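To start, the structure itself, in structure tokens.
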Amino acid sequence: MRWVVHADDGGAGRLAPLAEAEGEAEGDRGGVAAGDGVARAGAAAAFGVGEVRRVADLCSAIRELEAREGPRWIWADTAKIYPDLLRAGVRVARCHDVVLVDEILAAREGLFGAPRTLGAAYARLHDLPVPDVGRLGAATEAAGAEGPLQEALFEPDDTGLPAEVDPLSALIEVYQAQLTVLDSAAAPALRLLAAAESAGALAAAEMTHAGLPLDPRLHAENLTELLGPQPAYGGPATRPAKLQDLAERLGEAIGSPTLNPDSPAQVLKALSLAGLPAATTRAWELRRMEHPAVPLLLEYKELSRLYTANGWSWLRAWVRGGRFRPEYVVGGVVTGRWASRGGGALQLPAMVRKAVVSDPGWTFVVADAGQLEPRVLAAISGDRGLARAAQAEDLYTELGDVFGGDRSKAKLGLLGAMYGQTSGEVGLLLATLRRRFPAAIGYVDEAAKAGVEGRIVHTRLGRACPPPSARWNRLVSGSEGESRADQVRNSRGRFTRNFVVQGSAAEWALALIATLRGKLAGHSSELVFFLHDEVVLHCPQDEAEQVREAVTASAAEASRLVFGTTPVRFPLHLATVRCYADAK
DNA sequence: TTCCGTTGCGCG
DNA sequence: AAAGCGCGCAACGGAA
């Protein structure tokens, strides 16, 4: 069963059932495994729209229908509607996110950067100019002292539709058109991608709702220990004591007492005056130098980073009630990876993870996919040799014999192949890899060639990379010289080379998330963090074992869904820990 | 004052 | 300057 939904303001809304088309067995709607979230979107045959129901309390209506029918919900934008449902205590199993799917389909037509709105999807369908609403929709304003403001229930969202178009009708129309495309034989896996992306959107909202447990007192203690007491709030900008002290000692040591270490330009000048010429002030370059000022500078940079990125202001802005609640942007990266907004969620440094502690009686299950990208390369390229190595727990060790038992060479070479590194020693390793694993290296080489030539590449499930920009075309045609043209050509080659691997890996992770949230439905345990190839679950201690099994099963299911039958294994590293920092 | 490109570093 | 991908964020510093 499917219901199409549009939220009006004030908590009201409209719903309509979509009748199954002739010959469409309700049975296969469930697809993979009923309720697991990766079930296929409905078949494309024309459907009938049942009677439109107008309700004053949309949350309640959805709650009841979910309990009674467990339908797939067809709505414009999960990120806009689902948080309010979650706050009302309503969870749903399955949805079809029309704007996310539209973004995927638009990308396949070479269209990027349109706003994520129903209006944009509608405009595309009707060859109308795309309305210019915020690219990422209504962003939550970060967080001054008051923190994010609670918005009214179902804010009248700016759909960007022409005034005369009824949003519910537009939704149905766009959805119908999407099903037609998804059902075309060209890329059957697109249906899976659409379902997984939609399930991901549900998981993202649920994770934001749950939040990552983080003990603010513990984090503040850690800050004080490293930086000194918190500087007075509101006064003149002052560094924490230990940071200030370090800055002063550094100034002395380098012979520029007034040096501001936060200014790369000043640091460069001071280094030069101290007889330490450097091109940049990057840490790796500094580390090569022998000078008493260098360790001070490196220490300053590290602590300063902690202070500015995850210091007391970060804590005030992003941690509420013992939970860190970042906003995830599903498909926010061109490759299909998620991005995040606010609080630097996907860069949570090790120091902060020390304060990520489970509730009393609860624990974390942390699962990360080891060596995901080389395994994905083995799977998508069908390279038999690499696939054989990818059956092992440690792929790089298995590959070591290719390089005289040197695991690190295997790792360097393979990463270089996926990123397009050609310089130095890695270039030589690559030649060896190409000989031993011609299909795998050939696969990424071909993707790179396509990129250099301005062509499009696709991920395993059919997500398209962006076409060359106008600027790229201009530069490639030699407007700034042949070497510049080569440079931008090769740069795009590295991008497309990596796109096919990173993007397909993102699809595996998405399928895992989608499957896993299905398995966890009805349990206390919940997903609280997702980081590209790693998930964190917060669960009652006595559910931990069950959760570990659920993650393991989900990883296997993700492999099957995305890659079909492949000899490649995708082993998980599992850790059951009270503190995130202990998951190694 | 505000805007914006650059720099550098955190994560995968 | 080197030449390995994708991000978000904060600070700097020059331009508007």
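Chain identifiers are assigned alphabetically (A, B, ...) following the order of the sequence lines, protein sequences preceding nucleic acid strands; residue numbering begins at 1 within each chain. It should be emphasised that the depicted structure is a prediction, and the values quoted were computed from it without experimental measurement.
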Look at all strands and tell whether A:Thr281 reaches a base, only sugar-phosphate, or nothing, counting heavy atoms closer than 4.0 Å. sugar-phosphate
Classify A:Arg494 by what it touches in the nucleic acid, base, sugar-phosphate, or nothing, heavy-atom distance under 4.0 Å. sugar-phosphate
Does the gap between the ring centers of A:Phe570 and A:Phe563 come in under 6.0 Å? yes
Say you draw a straight line from CG of A:Asn310 to CG of A:Leu348; how long is it, rounded to the nearest 0.5 Å? 6.5 Å
Inter-nucleotide P distance (C:dA3, B:dG5), Å rounded: 27 Å
Distance, rounded to the nearest Å, where A:Met351 contributes CE and B:dC9 contributes P: 18 Å
Does A:Leu415 reach a base, just sugar-phosphate, or nothing at all? Heavy atoms under 4.0 Å. base
Of the listed nucleotides B:dG12, C:dC7, C:dC12, the one nearest the side chain of A:His532: B:dG12
Across all strands shown, which nucleotide pairs with C:dG8 by Watson-Crick or G-U wobble geometry, both distances under 3.5 Å? B:dC9
Please determine whether a side-chain nitrogen of the Lys or Arg among A:Glu446 and A:Arg455 lies less than 4.0 Å from a carboxylate oxygen of the Asp or Glu. yes
Which part of the nucleic acid, if any, lies within reach of A:Arg492 when heavy atoms closer than 4.0 Å are counted: base, sugar-phosphate only, or nothing? nothing
Shortest side-chain distance from A:Ser340, nucleotide among C:dC5, B:dC11, C:dG8: C:dG8
Residue whose closest nucleotide on DNA chain C lies nearer the 5' end, A:Thr308 versus A:Gln487: A:Gln487
Looking only at side chains, do A:Ser358 and A:Arg578 share a donor and an acceptor under 3.5 Å apart? yes
Look at all strands and tell whether A:Ala350 reaches a base, only sugar-phosphate, or nothing, counting heavy atoms closer than 4.0 Å. sugar-phosphate
When you compare the side chains of A:Glu507 and A:Thr459, does any donor N or O come within less than 3.5 Å of an acceptor on the partner? yes
Are A:Asp445 and A:Lys449 ion-paired here, with the side-chain N under 4.0 Å from a carboxylate O? no
A:Tyr300 OH to B:dC9 C1': how many Å, rounded? 14 Å
Between C:dC12 and A:Asn260, is there an OP1 or OP2 to side-chain N/O distance shorter than 4.0 Å? yes
Is the phosphate of B:dC9 approached by A:Lys301 (side-chain N or O, under 4.0 Å from OP1 or OP2)? yes
Quick test of your reading of the model: are A:Asp533 and A:Arg375 salt-bridged, counting only N-O distances below 4.0 Å? no
Is the phosphate of C:dG13, meaning OP1 or OP2, less than 4.0 Å from a side-chain N or O of A:Ser263? yes
Considering heavy-atom distances to DNA chain C, does A:Ala309 or A:Trp284 have its closest nucleotide positioned more toward the 5' end? A:Trp284
Atom-to-atom span, CG of A:Asp486 to P of C:dA2 - whole angstrom: 19 Å
Counting side-chain heavy atoms from CB outward, which of C:dA11, B:dG12, B:dT7 is closest to A:Pro264? B:dT7
When you get a sec, tell me which of C:dC5, C:dG8, B:dC11 is the closest nucleotide to the side chain of A:Asn498? C:dC5
Spacing of A:Trp318 atom CH2 relative to C:dG8 atom C1', expressed in whole Å: 11 Å
Can you tell me which nucleotide in C:dA3, B:dG8, C:dG6 comes closest to the side chain of A:Gln502? C:dG6
Round to the nearest Å and state the distance from A:Arg282 atom CZ to B:dT7 atom C1'. 7 Å
Between C:dA3 atom C1' and A:Arg484 atom CZ, what is the distance in whole Å? 12 Å
Value in whole Å for how far the P atom of B:dG10 lies from CZ of A:Phe529: 16 Å
Between the base of B:dG12 and the side chain of A:Arg337, is there a donor-acceptor distance below 3.5 Å? yes
Of the nucleotides B:dC9, B:dG12, B:dG10, which one has an atom closest to the side chain of A:Gln347? B:dG10
With rounding to whole Å, what would you report as the distance between C:dG4 and B:dC3 at their C1' atoms? 32 Å
What is the nucleic acid contact for A:Ala283, judged by heavy atoms within less than 4.0 Å: base, sugar-phosphate only, or nothing? sugar-phosphate
Consider side-chain contact (heavy atoms from CB on, under 4.5 Å). Of A:Val536, A:Ile513, A:Val547, A:Val551, which one does A:Leu527 pass it with? A:Ile513
Looking at A:Arg489 and A:Glu482, is any side-chain nitrogen of the basic one under 4.0 Å from a carboxylate oxygen of the acidic one? yes
Determine the contact category for A:Glu302: base if any of its heavy atoms lies under 4.0 Å from a base atom, sugar-phosphate if only primed atoms, P, OP1 or OP2 are that close, otherwise nothing. nothing
For a quick check of understanding: with a heavy-atom distance under 4.0 Å over all strands, which category does A:Ser491 fall into, base, sugar-phosphate or nothing? nothing
Among C:dG4, B:dG12, C:dC7, the one nearest A:Tyr419 by side-chain distance: C:dG4
Starting from C1' on B:dG12, measure out to CZ on A:Phe499 and report it in whole angstrom. 17 Å
Residues from residues 422-444 of chain A sitting under 4.0 Å of DNA chain C, heavy atoms only? A:Thr422, A:Ser423
Would you say A:Ser504 and A:Val562 make side-chain contact, with heavy atoms under 4.5 Å? no
